[in-house]
Structure formats: structure tokens, C-alpha cells
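Since the structure is predicted, the reported quantities are computational estimates derived from the model, not experimental observations.
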Amino acid sequence: MQRLMKFGLSLAVTFAASSFTVFALSAAETESETSPNVIVILTDDQGWGDLSLHGNPNLSTPHLDQLARQGAQIENFYVCPVCSPTRAEFLTGRYHTRMNVFSTSAGGERINADEQTIADVFRDAGYSTAGFGKWHNGMQFPYHPNARGFDEFYGFCSGHWGHYFSPMLEHNGEIVQGDGFLPDDLTNRAIQFIDKSKSKPFFVYLALNTPHSPMQVPEKYWNRFRDKEIVPDPAPENQKGIALEHTRAALAMCENIDHNVGRLMQHLDQSQRTDSTIVVYFCDNGPNGKRFNGGMRGRKGSTFEGGVRSPCFVRYPKSIKPGTEVKRISATIDLLPTLAEMAGIGLNSPKPLDGVSIKQALEGDASTPDRFLFSAWNGKTTVRSQTHRMQRDGSLFDLRNDPGEQNNVAKSQPEIAMKLGKALADWEKETSPKPAKSRLTRPFTLGHQDAVWTQLPARDATPTGTITRSNRYPNCTFMENWTDTESQIIWDVDVLAAGNFEVQMYYSCDADDVGSTVRLSCGDATLSAEITIANEVPLIGAAEDRFERAEGYVRRWKPMDLGKIKLKAGRQKLVLQAEEVVGDQVANMRLLMFRRVD
């Protein structure tokens, strides 16, 4: 009898343990099933008016229009006047002025390393995280996307890219070559990542690079606009100086964006993930040209409505009713707390967020609580209330009656002017916005212990002597006119962890110039290498441009091994120069790539 009781007790314990395991698995499966996937689509230099949904008669964006109607449209959604500040605010839920982001290039776009990102939040909550496209918030660890919560990154980290057809890109830090037209390629990668994410929910940040210049777009899209009559914006000021070919190219690029959004939404339908996926769509600043923008004042770079108002659509069938219209003002800083709440993720932010969750508004709450939204760029600042906008010079506009911001009502509405003026002054004092040309005090990081690869592009270097940068817009530039042994290419670096590194130089070189020797030095460490293989490649990009670019052209760069170098930790100068010049020029230099080997 006692033996039977022991057997029964043992069986009961086993059954209970088995039941607990089954329950735990079921709970995990249920939690996985109820944790929504998230896709955030951000386009580059696409304005509020670049959608047929917003009354633009010049193009058709049926997939974006449908996405908007299937969920919520935020009527007054605000971003920054330019790229990297908007991206920083989306990633952190905080104003970019708090995190040392003040420029769009050469280090001024980097988010402070101690900031938490939206990818950190979702990865810590058990999500697979991926970023595809334009990053523009730091290239080297700890600023690189793989150091900011993204398990997967494919794209480029600079502010703009020089070629959109199978260009040089990076995949998790390693240099690779793209496949086809870049927005198509990025969308393909996002779809592939979604297909691989089966055991965990996914967070995908798809940062498409268009319609930012260069104005390149496949023939089938361009043909729709090549000879198209363009209806101008209704505001007379926006009709002055319009560049028709630039406008046609931008609209063609926007139709390609619409096509790719349609492909992505169709894939969610086919994989039966539509109902379990939150989709967000917005743009990073106003349009990059004078074209239709709903009669709003300003464009990219402006702190008026036309420079900072963006479309924003949020679709989530489980909790957002189709056709929802959100009237309360909202901004990029609100997306992190909103998406975290929608996903059921408790936020434990190391620093106070400036954004607030608008989940209730997306789900139908029509209230419009008082709040102020701020923006800054290159010495200009602005504050937006639910009804008014004030600029730093004290001009005030009543957007209910004057959406084109033509009539300064500061004198006729002194109480509102005083209230907004004080709010803006207090915000400036608290966050200290910097001009875009502020002096850079932070070095470029090299050799982070968690980074296998560290890229040091020409963009981040300073040339001396005869050496010049290929274009005044540095993001995708290279160094040229390297004709003597005295001239140098210098990076101000902070080696974060000592170690041994293999170094490659990406270059081009005519056959007549082969044989020159270059030396790389950093502190006491040096290495030398001879250029033994020609890489005669022309400048590319002009043949694909639909409008003449202001940025520089690029080449098909080739890597050569410079050898190994042992670096000590600390801030120092990394210097590349020639030891011997055989021909007319040493080479054109695009970047150095460091690979940690111990």
C-alpha cells in the first residue's frame, strides 16, 4: 500500500511537472502570438504633399493611400527640418538637441552612446530587430546600428549615398555590394528578414533612401513622368524657381516607394501577418524641392510647417479602426512610447522621454490635450501648439485660419505670443541647440571591443597639402589629388580597446600610377604597403541621374590589404600618407576598413 502511495505521489508530481511544462509552453506561445510585430517605414526627403491621398494631382500612390485608410492618419505629425535629427528623435523618443546631434555629416549626426534606442527596447523585450537602409546616426561602434539594438543591419550609415544601382553597402559592418535599385533591394531584405523571424516577433526599421538626391529611378517609373505636365503648388512662393526635371524625378521615386510599400503589405497578407503587425509610415523632413506641398510654407531645412510636417499612418487591425483620424498634434518623439505601449512593453527609460504615447488617440480618443512641440535646425527654432506656431524671431501664426503661415498675429494675439515665446525660450535654455557648423569635439571611434569591423571613410578625415575632397558635401566623398609624400589624410580617432587589426584601403588607381607606397601610422604603430594592382574605374552616376546632382560622383572601389597594425588605446591621430609616388598621383582613397584579429 505504501509502495502504491509512493508511486501515486511520484506519478502526481510527474504529471504536475508535465502540466506545468505544457502550461509554460502554451503561455510562451500565447505571449509570442499576442506580441505584435512592428514595421516602421521612413522615407528620405519625401514631403507631406508627395501623396495622392493629400491631393497631389501629379502622381498616384494607391498603396500608401490604402495603408492610411486601413488604420489611423495623424493629421498634424511633426519631424525635424533635416534627416539625422528626425532619425535620432525616432530612435530615442527624445529631442535631438539633448543628445549632441547638431549636423548631418562628419560626426555631428551621432547619437550619444548612453542613449537607449527603440531597437534596444524591443530587443530586450524578446524581439528580433533589423534595420535596412539609411542609418545616418553614426558609423563606428558604439554609434553603429549593430551597437544600438539592431541584430541585423543592411544599408549605409552616411547621410546620402552616391549611387542607387547595385552600390557598395554594408551588412553588419562588412562591405558588400547591393543588388539592383536600392529601395527595391532594401524592401527585399526586409521581406527576407520577416520570413526568417518565425520563433520571435520582429521589429523592422525600413529606412528607404529616396527621394533624396541623386535623382535616380528605374526607367519604368521615369517614363511615366518624363514629359508629364506638372501642376504646381497653390502657394505662389512655392511656384518660384521650380526645377521641373527634379520634380518629375522626385515624383517617379515616390511612385517607386509606393510600389515597395505595396509589396511589403502584400507579403504580410500572404504570410497571414497583417492582423498581428503594427505598420508605421512617415517621412524625415519636408520635400527636397519646390513642388506640391498643400500650400504650406517652407520645405526641407525650414522650421515652418512645410519643412517639418510629415504624413504619419499607423495600421494595426487588432486595435485601430480603419479611417481613424487623429487631430491632436504629435511628433517623431512619440513613436517609441506609443509602439512600446501598443506592444505591451513596459518602458524603463534611463533618461526622461520627451515623447508621450498616443495609443489612446490612435484607438479613437478624440481629445486634444495642451502640449508644445519643439524643433531646431542650424540656429532656427520653433514651437508648435495645437493651434499656433511661433518662430524664434517672435513671429506667430494661427494655423486654424492661416495654414500657409502668411500673417503674423503676434501683436493681435499677445497672450498666446507671450505663452509660446516663453515656452520656446525655456526649451532653448534647457536643451541648448547647436548650429550645424559647430566645432566637433568628439573623435571618431576605432577598435571597439564588440566590433569586428570598423570603417573610417574619407568623409570623416581631414586632408592636408595637395589632397582634396571630391565634393563639398562630404558624406559619400573620396580623397583625390594625392600627388606627393608630404600631404596627409588624417583621422582624429579614439582607439577604444587596444589590439591587432588587419587594414584594407578601398581605392582606385590608374595603371600608370601603380607602384606607389603608402604608410599608415597611429601613435608609435606604422605599416607600409605598395599599390601593385591598378583599379582604373570611371566616375559613375551621371548616366543614371534624371537631374544634375550637387553631390559628388562615385567609383567602383577595390580593396587592397595594407597589412596588420597593433594599436594602443587612447585618442590619437591616424595618418595616411605616401612614402613614394611613382606616377602623377598615388590613388583615389575612399575608406579604410579595420578588422580586429585579437
Side-chain angles (χ1 to χ4, degrees), residues 41-71 73-75 77 79 133 164 181-184 186-187 206-235 237-266 279-296 298-300 305-307 309-313 315 403 544-547 549:
I41 305 167
L42 174 60
T43 59
D44 194 7
D45 283 2
Q46 183 180 29
W48 181 90
D50 286 330
L51 302 170
S52 49
L53 177 75
H54 289 158
N56 191 329
N58 298 302
L59 82 169
S60 177
T61 54
H63 301 295
L64 286 167
D65 298 355
Q66 182 183 40
L67 178 65
R69 295 186 181 107
Q70 288 175 339
Q73 302 178 50
I74 303 176
E75 185 175 312
F77 184 82
V79 294
Y164 290 167
F181 187 55
L182 187 49
D184 300 345
L186 298 173
T187 305
L206 178 58
L208 297 176
N209 58 293
T210 49
H212 195 295
S213 55
M215 309 307 287
Q216 297 183 339
V217 65
E219 199 76 15
K220 68 176 182 178
Y221 298 98
W222 174 241
N223 286 340
R224 301 175 194 169
F225 292 89
R226 185 190 300 269
D227 301 311
K228 186 178 178 65
E229 290 290 327
I230 299 297
V231 178
D233 186 85
E237 186 61 33
N238 293 344
Q239 298 174 18
K240 298 176 183 178
I242 185 172
L244 280 177
E245 295 302 290
H246 185 280
T247 297
R248 290 181 175 121
L251 296 174
M253 295 160 95
C254 289
E255 288 204 353
N256 171 262
I257 290 170
D258 183 77
H259 169 72
N260 280 304
V261 171
R263 288 202 300 129
L264 188 53
M265 297 307 101
Q266 183 182 41
V279 179
V280 179
Y281 181 90
F282 71 111
C283 313
D284 66 351
N285 46 245
N288 57 343
K290 290 191 174 184
R291 54 182 184 266
F292 183 91
N293 202 24
M296 290 187 290
R299 53 180 174 144
K300 178 180 179 179
E305 287 280 295
R309 187 180 175 194
S310 164
C312 185
F313 314 139
R315 187 186 75 178
E544 293 80 12
D545 286 358
R546 308 300 181 180
F547 182 80
R549 68 176 69 185

For [X] and [Y], work out which heavy atoms get closest and say how close.
| X | Y | result |
| --- | --- | --- |
| N58 | K228 | O-CE, 2.8 Å |
| E255 | F225 | OE2-CZ, 3.4 Å |
| C254 | T61 | O-CG2, 4.4 Å |
| D45 | R291 | O-NH2, 3.2 Å |
| Q216 | D545 | NE2-OD1, 2.9 Å |
| G47 | N293 | C-OD1, 4.2 Å |

Spatial distance of atom [atom1] ([X]) from atom [atom2] ([Y]) [nearest 0.5 Å]:
| X | Y | atom1 | atom2 | value |
| --- | --- | --- | --- | --- |
| M253 | H212 | CE | NE2 | 9.5 Å |
| D184 | T210 | CG | OG1 | 9.0 Å |
| L67 | L264 | CG | CG | 9.5 Å |
| F313 | Q66 | CZ | CD | 12.0 Å |
| L64 | D258 | CG | CG | 4.5 Å |
| T247 | I230 | OG1 | CD1 | 6.5 Å |

Side-chain contact test, heavy atoms from C-beta onward, threshold under 4.5 Å: evaluate it for [X] versus [Y] and give yes or no.
| X | Y | result |
| --- | --- | --- |
| Y281 | I257 | yes |
| F547 | S213 | no |
| L53 | Q73 | yes |
| R315 | M265 | yes |
| D284 | S310 | no |
| P311 | W48 | yes |
| H63 | R263 | no |
| H54 | L51 | yes |

task = Assign the ring pair F181 / Y164 to parallel, tilted or perpendicular, where the plane angle (0 to 90°) is split at 30° and 60°.
result = perpendicular

query = According to the interplanar angle, ranging from 0 to 90°, do the rings of Y221 and H259 count as parallel (below 30°), tilted (30 to 60°) or perpendicular (above 60°)?
reply = tilted

key: Pairing of E219 and R546 as salt bridge, 4.0 angstrom limit   =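 Salt bridge between E219 and R546, a charged N being under 4.0 Å from a carboxylate O: yes.
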
key: Expected output: side-chain N260 to main-chain N256 donor-acceptor under 3.5 Å   = yes

ask   = Is N285 reaching over with its side chain to a backbone N or O of K300, donor-acceptor style, under 3.5 angstrom?
value = no

inquiry  = What verdict does the side chain to side chain contact (heavy atoms under 4.5 Å, CB included) test give for L251 and R248, after you've listed the backbone C-alpha separation in whole Å, the side-chain angles of each residue and the deciding distance to 0.1 Å?
reply    = CA-CA 5 Å; L251 296 174; R248 290 181 175 121; 5.9 Å; no

message = Between D44 and N288, is there a side-chain donor-acceptor contact under 3.5 Å, judged purely by atom types and distance?
response =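 There is no such pair (donor and acceptor under 3.5 Å, judged by atom type) between the side chains of N288 and D44.
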
